[in-house]
Amino acid sequence: MSGGIPTAPMSPTAPTAPTGGIGTGGGSGTSRTGPRAAYAWWGLCATGLLLILLGPELAPHGPTATPGPPYRPPAAGAPLGTDHLGRDVLSMVLHGGRPLLLTGLLAVGIGSVFGASAGLLTALAGARSRLPRMLLMRPLDALAAVPPVLLVLLILTALPGRVGLITAIALAGTPLSARVAYAAAEQVVGRAHVEAAIARGESRCRLLGREVLPLVAGALLADAGIRFTGAVYLVAAAGFLGVGGSSDADWGRLIVEALPGASLQPLALLAPVLAVALVAVTVNLAADSAGHRSRKVLA
Amino acid sequence: MTLLAGPVGRRLALRVATGGALLAVLSLLVFVGVDLLPGDPVTARLGPNATPERVAELRAARGLDEPVLTRYAQWLGGLLRGDPGTSFSGKPVSEMLADRVGHSALLAGLCVLLLVPVSLAAGLYAARRPGKPADRTVSTGALLLVSVPEFVIASGLVLLFAVGLGLLPAVSLIPAGDHPIRHPDMLVMPVLSLLLVASAYSIRVIRACAVSVLAGPRVEFLRLTGVRERTILRTAVVPAVLPVAVQVWLVTGVGLVGGAVLVERVFAYPGVGDLLVTAVLGGDLPVVQAIVMILGAAMLLALVLADLAVVLLTPRLRTGGAV
Amino acid sequence: MTADSSTFLTAEGLRLETADGPVLDGVDLSLTRGESLAVVGSSGSGKTTLALALLGHLRDGIRHTGGRVRVRGADILPHAPAGVRGSLIGYVGQDPGAALNPYARIRTTLLTAAGRLPRGERDTTVRRLLERVGLPGDTAFARRYPHQLSGGQQQRVVLAAALARDPAVLILDEPTTALDPPAKAGVLRELGALRERGIGMVWISHDLIAVGAFADRVIVLDGGRIAEEGPARRVLTAPRSAAGRRLVAAGTRSTARHTRTPPASGRAGAPTAVTAPDTGAPLHGANPPDTAAGSDSGKTDGPVLRASGLVARHGSTTVLHGVDLAVEDGECLAVLGVSGVGKSTLARCLTGLHPAAAGTVALRGTPLAPDVRGRDRRERAAVGLVAQNPAEALHPRQDVRTALVRPLKRLCGITDRAELDRRVRDLLESVHLPPGFAGRLPGELSGGQRQRVALARALAARPSVLICDEATSALDTVAQEGVLALLAELRARTGLAVLLITHDARVARDASDRLLVLADGRVAATGPTPVLLPPGDSPEEQVTRLLTAPAGAVRPTPYDTDRGASLV
């Protein structure tokens, strides 16, 4: 509907992925395996989240400390061994998670709020008013044509550091959030109760807040979850490329630094690789199941 | 050729026009929008202790003291003539990109070439056995892979094939002036890691589409008429899946270049990745802007092609039965 | 159920179950060659499941737990051996639009159904099959795609595909339900011709009267069991089972509905005898709420609502091309048309939800702004709207009271809590819902109840005219009649003018005083309902006649064997 872009994804961490609901692991399997499995699954997620957030406090060594010689295999003081600088791999991994999650969360919060506002306002303005589409949706469509990694790099060139990274990731998620919000709201706006509210002359604020938002909130949250998957990917990628003001222990950075010595100390590579993969998969599964649930609300 | 004069031609013309308009908007965002961002690449690089004279000098050297719209007009004029400007290092951007863009495109192209048969076969295979172990393996695998960054998968592959098994080189050391196509062993892992991630999404889309077609009334009618499953797959399922799949393949193909930047760094492959990172760290905007515009144009072109493919593959649209 | 030599298809004690319980429970039937059998039942009786089981097909989630289905003595459940479907038994389903492969030309569809053929025989086979079902056999037609055919033509293609391998029996699952009246007649004609030629048929239908004419024997299915079985004539005239009597009664009612007097045929003024509401004040109607319902002098002469030259567009497509209409006080004007002619757009133009591109809407002679946002509070209150889909009528997270209170506050300016409560109670009462419903959420209401709440919401601001956009079409027959009766009662009591938008000629005939037939965004015919749809013939046929009569209303296309189908 809006421009020449089909709603296909721009990145592997994509929007509105159809799944069919079979074999999607713990996420959508919750309905099949009963509430106990669901609790166990959410409990596991919460524990993981807590572990990542408290990681820096739990780490035995600081992110710059070098408790041993480089490339030492696992030993008493360093259960996963040391990396090329002699830093404790376990401590580094524990230090790296918190900035990853918090940066991603902040960026997604900003991007989703912007995107959802643009999408909702456009949908509410109706199909016949072109102005909001021209001013809001078209620029976002243009932005969506750039692969997110490149958009992040472009913005980091002009605006280096954490601020640039957060701005960039927020911007990368905005177009898709806007489209999801627009699509969800468009369905709701045509419902008879919303039309009845328009026909009795309710204000735009009330229309949006009382009639539309409660019905699309689920879809918006599910979308924010998918956006968060993308954000985790982008933060890790920025760390991996060494841009965006990454901290010493950034998981992406740990991976790139461990690559040359991978044959000497495979654990220094394996640990951050598994950490990123686990977080990405967990976030994706959670977003997937949230998406399934939000689609049931209006059915 | 009568096709192009009819509804398809009109639709194509409209799409090309829309694509062009979007590209214009994109150029504005990439140049003027970036300029309007808070902060300043020059002061950010020089640090807080730089003297105002030093900042002004550098700004002048980079041509940043002119009004943004003037610079935009010059840049856009250059782009239209095929000249993406000059790097802050003084070298023409086109020269810097020359080989590297081709190398990156080679990775993405090879990957798309493999992506089409792999995702179609796996998607249809899973869809024909919904809920069975084979389907659950494919679907779960795809769901897990779809969210993992390519460079993480690439690193995993290095651990497995180079460190663990010692089968393949861990880095793509291609001699200067040589073309990567002459070193297929060095292409295996970069292409495989891109393929794993890219095909995960395509498989999910194709499987979901095929499952819904297979469960629909059309296939039921064909089965009730006694048509064989192979014929059903060929005449009813594949034609219904293709319009969706082609879109995903094309868009994924362009998106792959983004992923390629990361994978290249894992294998030290000589694509645009290194160049980009250097440019980002040095605040060398012209280089990054040029690459973003090239890929943006490629993506918009892919979308036009995808749209054309959908029209050509859907009889209702092709014959102008509906807009 | 003796399996004598002439028996072709049998079911013996067939039992099929879902996770929720049995769908079919001990069904026996047999069909001899050339026989025509009708299986009739209301929705949920398991008749489609039975139809598919007779082809050896079980839909997902259905398990075969007992009994057998045999064709010429060979079992086809749980798996039909190759060479049964298509070759021995053919299948025609309800919706040809959904059944035909949109990516295949007609020729391909027929050849796929025919199985392997030598190259040289293909053209003649396609031609023979098409001509057999009364379609043109030329190459140009065979090269068409399904979307280039009318609904009736599509169903003929399905029939041709089912006949491609000369089966001895056809399973027909409601083969004409999705078709419009002319196409239905055409397909029935072809099926009648096939029956003459000795093809056995199993007709699956909910309409006993309609299929009775084609059947030798009738089986009445009820809740997955056979309620009764017998010769068609006997079951039609003297059904023995309760289910059979219900089906006969339903069929008779739908064909004879027109003979009843319309529920409220009087103009405002006629039904003055109806008791005033308990609350004293009239619930709806005139803005000066002084007089009781009836002919009154407070109303200016002229219609409550008049539209002249309405033009509406969706993007670049023009949906309405200059529509004129007027609704008088207390009158019910029905707007009748098939789907896609712009009925809903008309409703939205009148309410200002879809601003008209040209033309005017006037309320008691005063022109209204095209966009609802430009209309003042009194004007917004005067036009009420009830929309089609009860599932979307109400906010799923707001209770009934909230839905009713909002228009009272917004349009009537009532803020006093006690007064609001009283009005909500009155509104619920006026649509025959108990006061306790005020606290309920839409999810706790049935479709009919939701539509009543939507009606109450539209009535809350005491509109002068109520626009009902297919307000009953998503409801089942009982709920539909309830809502229509309620509308008639409200009109009688309050003199409310109603614009009833519908695709259902029976609803229009039963409920309206005047009729306006819309075709292709233009007024095709208008006049008093009893004149346009006189009692007697079936209203569908009368409407077809109305639509085909005025020149230009219908565009005949080549190959259009089903006249009027191009309207759909």
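Here is the naming used below: chain letters follow the sequence lines, and residue numbers restart at 1 for every chain. Keep in mind it's a predicted model, so treat the numbers as computed, not measured. Atom set for the values below is all heavy atoms of this structure, side chains included, hydrogens, waters and symmetry mates excluded.
- Proximity to chain A (any heavy atom under 4.5 Å) is restricted, for C:Arg348, to the side chain, taken from C-beta onward.
- With a 4.5 Å cut-off on non-hydrogen atoms, C:Leu394 touches chain A through its backbone but not through its side chain.
- For the set C:Arg457, C:Gln398, C:Arg406, C:Arg380, the entry with the most heavy-atom pairs within less than 4.5 Å of chain A is C:Arg406.
- Within the 4.5 angstrom heavy-atom criterion, only side-chain atoms of C:Arg410, from C-beta onward, approach chain A.
- Between the side chain of C:Gln451 and the backbone N or O of C:Ala471, at least one donor-acceptor pair lies under 3.5 Å.
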Evaluate salt bridge (charged side-chain N to carboxylate O under 4.0 Å, His left out) for A:Glu202 paired with A:Arg210, printing each intermediate quantity in order. CA-CA 10 Å; A:Glu202 301 283 7; A:Arg210 291 290 179 85; over 6 Å; no

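- Side-chain atoms of C:His395 and A:Glu211 include no donor-acceptor pair closer than 3.5 Å.
- Salt-bridge check for A:Arg227 with A:Asp223: passed, with a basic side-chain N closer than 4.0 Å to an acidic carboxylate O.
- Atoms CD1 and CG, from C:Ile501 and C:Asp469 in turn, are 5.0 Å apart once rounded to the nearest 0.5 Å.
- For C:Arg313, no part lies under 4.5 angstrom from a heavy atom of chain A.
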